[in-house]
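Reminder, nothing fancy here: chain letters follow the sequence lines and each chain counts from 1.
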Amino acid sequence: MDQVARHSHGRGHRFNPCTAHHLSSPCDADFVPRRVHKSIRTQEFQAASSHMSVRTRFAPSPTGMLHIGGVRTALFSWLYAKRHAGTFVLRIEDTDRERSTDEATQVILDGMEWLGLSADEGPFYQTRRMDRYREVLAKFVQDGHAYRCYCTKEELAEMRSRQEAAKQKPRYDGTCRHRTEPRPGVDPVIRFANPVDGSVIVEDVIHGNVEFQNTELDDLIIARSDGTPTYNFCVVVDDMDMKITHVIRGDDHLNNTPRQINMLKALGSTPPVYAHVPMILGADGAKLSKRHGAVSVLQYREEGFLPSALLNYLVRLGWSHGDQEVFTLEEMQALFDIKDVNKSASAFNPDKLLWLNQQHIMRSTPQSLAPHLQFQFAALGVAVEDNAKLAAVAKAQQERAKTLKEMAQNSVFFFAELKGYDEKAAKKNLTAESAPVLAAVHERLSALPQWNAAAIHDAVNSVAAALNVGLGKVAQPIRVAVSGTSVSPPIDVTLEVLGRETTLLRIDAARKVALAA
RNA sequence: GCUCCCAUCGUCUAGAGGCCUAGGACACAGCCCUCUCAAGGCUGGUACGAGGGUUCGAAUCCCUCUGGGAGCGCCA
């Protein structure tokens with residue numbers, strides 16, 4: 001903590017240093033790995049984290065679209081911070097200026113907002129912290145933890161192919177480690193002088209202790225020849241400066257961790273607790289690609305998913321709580337624990353996401369569904385302002401739609417003129433014999449003193465009884481008449497929401513069509 | 001190639017040596033309910049990757065193999 005603090009005063013690029021939370025978190029015991037038998041150092045890192053408040057971070061790079069893989073690690077970090085009354089930090093890792101785009105950054109910001117994963121601090125941008133990185137870089141070189149390397153890209157490439165030919169792991173051989181003179185005409189990079197012997201143990205909450213031999217690690221480049229710092233270095237400086245206590249990220253980073261720990265140690269900082277979560281695979285078990293779910297998270301909003309449903313789906317990937325499948329955000333916050341997360345990768349299952357979305361839609365209040373539905377109608381080119389009617393439609397449809405988009409598509413008839421009838425439905429239900437039924441229904445409904453589902457229900461039933469036909473012979477023609485299709489919510493509810501005027505108009509129009517059939 | 005990680009139904013998971021002739025969920029099939037579509041209820045099939053150990057006893061512990069993944073970049 002002292003060392004961390006040392007790097008944190010008096011400079012302009014500081015973060016609101018988490019104002020001395022010295023409260024010890026009672027829940028830190030949760031970070032004891034489940035497979036304790038593997039961990040001999042449990043006591044140590046427990047102690048290391050027990051006297052600081054939890055600070056987690058989500059650190060995406062805006063080089064591609066934020067997709068569900070990223071969202072899940074963000075969710076885990078957010079959930080963990082919430083559970084421990086900690087702080088969730090958002091940091092945009094945009095040091096790769098070539099590939100970073102404003103568009104991707106915007107998707108991250110909008111996506112996080114849509115999902116409700118709000119950051120307690122940030123967003124911070126690495127590109128605005130360059131002075132700080134240069135400062136640490138200079139100190140590193142000065143202290144002998146890093147050195148300038150004058151090897152050219154060509155030489156490096158050659159070294160690499162030599163090593164590959166010899167079936168060795170490609171790595172930098174340390175040529176410039178002891179170079180004392182600059183090499184004219186070459187802009188040097190800066191490399192971290194990794195320890196040459198011993199090993200590093202990554203104490204991972206999910207994986208247990210993972211040991212890496214330092215001989216496997218080479219001297220990585222921490223600053224490019226143009227002086228800009230690279231990812232692994234920035235992460236280290238940022239996590240230290242931002243006092244991150246728990247790093248939760250994809251397990252594709254597990255191999256980077258030992259180097260980061262070495263740098264942290266060189267900086268005199270205590271490494272955070274690590275949790276490397278398994279990755280999400282595509283539905284076919286292959287790497288997640290655009291074909292599966294690797295689309296912008298905002299795509300899910302377009303397709304009519306509720307944020308809570310997407311989050312629910314994601315939290316259940318690699319984590320469970322008994323037999324429970326449906327979780328509210330509050331339940332997730334109360335129950336989720338990073339130490340319970342599985343070690344193995346899981347495949348993305350669109351069907352289950354759909355099912356969960358329906359479950360969440362069913363359990364939502366119609367009022368809360370209204371704005372989402374409005375959004376979907378807008379996408380369909382149907383402008384709807386009537387909030388009460390929107391809620392009424394949502395209520396009528398909420399258990400028969402897997403997505404809000406689907407709900408809107410199936411509900412256009414409530415708000416817009418019919419654009420004709422579904423051919424099959426009309427052929428079957430708008431027939432010569434249904435014309436008199438429709439006429440009778442029209443008559444009954446016009447005479448109804450009260451326009452509500454119960455009264456409509458009785459009226460429809462009485463027509464069926466009077467004509468001595470099954471309810472289906474009455475309800476289906478009405479359904480086609482008012483919705484244009486053979487599918488809708490229960491007919492009484494449908495008519496109530498539609499309103500008497502529209503209902504009668506459409507029934508009469510359909511009766512004429514039936515007559516002509 | 002080297003290093004590291006992972007391994008229960010098609011998929012997500014439960015399972016920390018006996019409670020497991022392996023439980024739940026999605027999907028699928030059938031039935032029930034029913035004015036359509038749903039929702040809901042009931043029923044059904046399918047899994048411990050292989051081989052060795054340890055043990056009275058292993059899905060659970062150990063080893064090997066196999067399979068999958070990640071990293072090895074002046075990308076993040």
Side-chain angles (χ1 to χ4, degrees), chain A residues 34-37 59-64 93-96 98-100 149 153 156 160 163-171 187-191 202 204 207 210-213 215-218 220-226 228 230-232 234-235 250-258 276 278-279 281 283 285-287 313 316-326 342-356 358-359 362 397-402 410 425 429 457 460-461 464 470-480 483 485-492 494:
Chain A
R34 201 163 22 166
R35 293 82 185 172
V36 253
H37 46 275
S61 70
T63 51
E93 310 215 321
D94 53 355
T95 51
D96 182 359
E98 302 273 296
R99 299 195 303 150
S100 295
C149 169
K153 285 186 184 181
L156 260 20
R160 184 192 178 85
Q163 288 163 333
E164 281 175 352
K167 299 199 186 279
Q168 289 172 337
K169 182 184 201 167
R171 76 241 278 201
D187 290 328
V189 298
I190 298 176
R191 288 182 185 272
V202 178
D204 190 283
H207 293 272
V210 184
E211 183 172 11
F212 293 85
Q213 295 301 318
T215 49
E216 291 296 330
L217 275 23
D218 65 353
L220 80 163
I221 292 173
I222 56 178
R224 305 178 180 96
S225 48
D226 65 1
T228 58
T230 60
Y231 166 79
N232 275 294
C234 297
V235 168
D251 66 12
D252 49 337
H253 287 285
L254 186 54
N255 287 295
N256 290 328
T257 309
H276 287 96
M279 314 203 64
L281 273 21
K287 192 177 171 183
Y313 176 72
R316 277 285 288 101
L317 245 36
W319 177 84
S320 64
H321 180 260
D323 287 340
Q324 188 172 347
E325 295 289 349
V326 183
N342 278 170
K343 295 191 278 192
S344 53
S346 41
F348 179 70
N349 183 344
D351 281 329
K352 187 148 186 183
L353 205 209
L354 241 19
W355 176 78
L356 270 171
Q358 179 164 36
Q359 294 298 316
M362 288 193 302
Q397 297 279 37
Q398 70 186 142
E399 66 182 24
R400 61 200 89 238
K402 289 194 183 298
N410 292 337
N429 297 292
H457 186 83
V460 173
N461 274 336
L471 196 53
K473 289 286 182 200
V474 182
Q476 276 309 87
I478 304 177
R479 188 163 352 252
V480 177
S483 76
T485 73
S486 57
V487 177
S488 89
I491 203 66
D492 47 358
T494 302

Could you measure between the two [atom1] atoms, the one in [N] and the one in [M], and give it in whole Å?
N: B/rC42; M: B/rC33; atom1: P; result: 15 Å
N: B/rU3; M: B/rC20; atom1: C1'; result: 38 Å
N: B/rU8; M: B/rU13; atom1: C1'; result: 9 Å
N: B/rA50; M: B/rU66; atom1: P; result: 15 Å
N: B/rA27; M: B/rG40; atom1: P; result: 9 Å

Atom-pair distance ([atom1] on [X]; [atom2] on [N]), nearest Å:
X: A/K343; N: B/rA70; atom1: NZ; atom2: P; result: 19 Å
X: A/Q358; N: B/rA38; atom1: CD; atom2: C1'; result: 7 Å
X: A/L356; N: B/rU13; atom1: CG; atom2: P; result: 13 Å
X: A/H276; N: B/rG69; atom1: NE2; atom2: C1'; result: 15 Å
X: A/D204; N: B/rA70; atom1: CG; atom2: P; result: 18 Å
X: A/E164; N: B/rU3; atom1: CD; atom2: C1'; result: 15 Å

Nearest listed nucleotide, side chain of [X], among [options]:
X: A/Q359; options: B/rU11, B/rC35, B/rA39; answer: B/rA39
X: A/M362; options: B/rC2, B/rG40, B/rC6; answer: B/rG40
X: A/N342; options: B/rC35, B/rU11, B/rU13; answer: B/rU13

| Sugar-phosphate or base contact per nucleotide [nucleotides 71-76 of chain B; S, B, -; heavy atom under 4.0 Å] | BBSBBB
| task | Determine, for nucleotides 23-32 of chain B in 5'-to-3' order, which nucleotides have protein heavy atoms under 4.0 Å from the base (write B), from only the sugar-phosphate (write S), or from neither (write -). | result | BBBBS-----
Select base, sugar-phosphate, or nothing to describe what [X] touches, counting heavy atoms under 4.0 Å on all strands.
X: A/F212; answer: sugar-phosphate
X: A/S488; answer: base
X: A/I491; answer: base

| query | For B/rG73, which nucleotide is its Watson-Crick or G-U wobble mate, given both distances must be under 3.5 Å? | reply |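 Here B/rG73 is not engaged in any pair, so there is no nucleotide opposite it.
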| request: Provide the Watson-Crick or G-U wobble partner of B/rG44, both distances under 3.5 Å; none if there is no partner. | output: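 In the structure as shown, B/rG44 has B/rC28 as its Watson-Crick or wobble partner.
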| said: Check whether A/T228 reaches the backbone of A/R224 with its side chain - one donor and one acceptor, N or O, closer than 3.5 Å. | reply: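 Not confirmed, A/T228 side chain does not pair with A/R224 backbone.
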| message | On RNA chain B, does the nearest nucleotide to A/H457 precede the nearest nucleotide to A/G318 from the 5' side, or the other way round? Give the residue. | response |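 Its nucleotide being nearer the 5' end, the pick is A/G318.
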| message | Between A/Q168 and A/S346, which residue's closest nucleotide on RNA chain B lies nearer the 5′ terminus? | response |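 The residue closer to the strand's 5' end, by nearest nucleotide, is A/Q168.
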| said: Under the rule for side-chain hydrogen bond (donor to acceptor under 3.5 Å, both in side chains), what residues qualify as partners of A/T257, not counting sequence neighbours? | reply: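 Checked A/T257 against side-chain hydrogen bond (donor to acceptor under 3.5 Å, both in side chains); matches are A/R249, A/H276.
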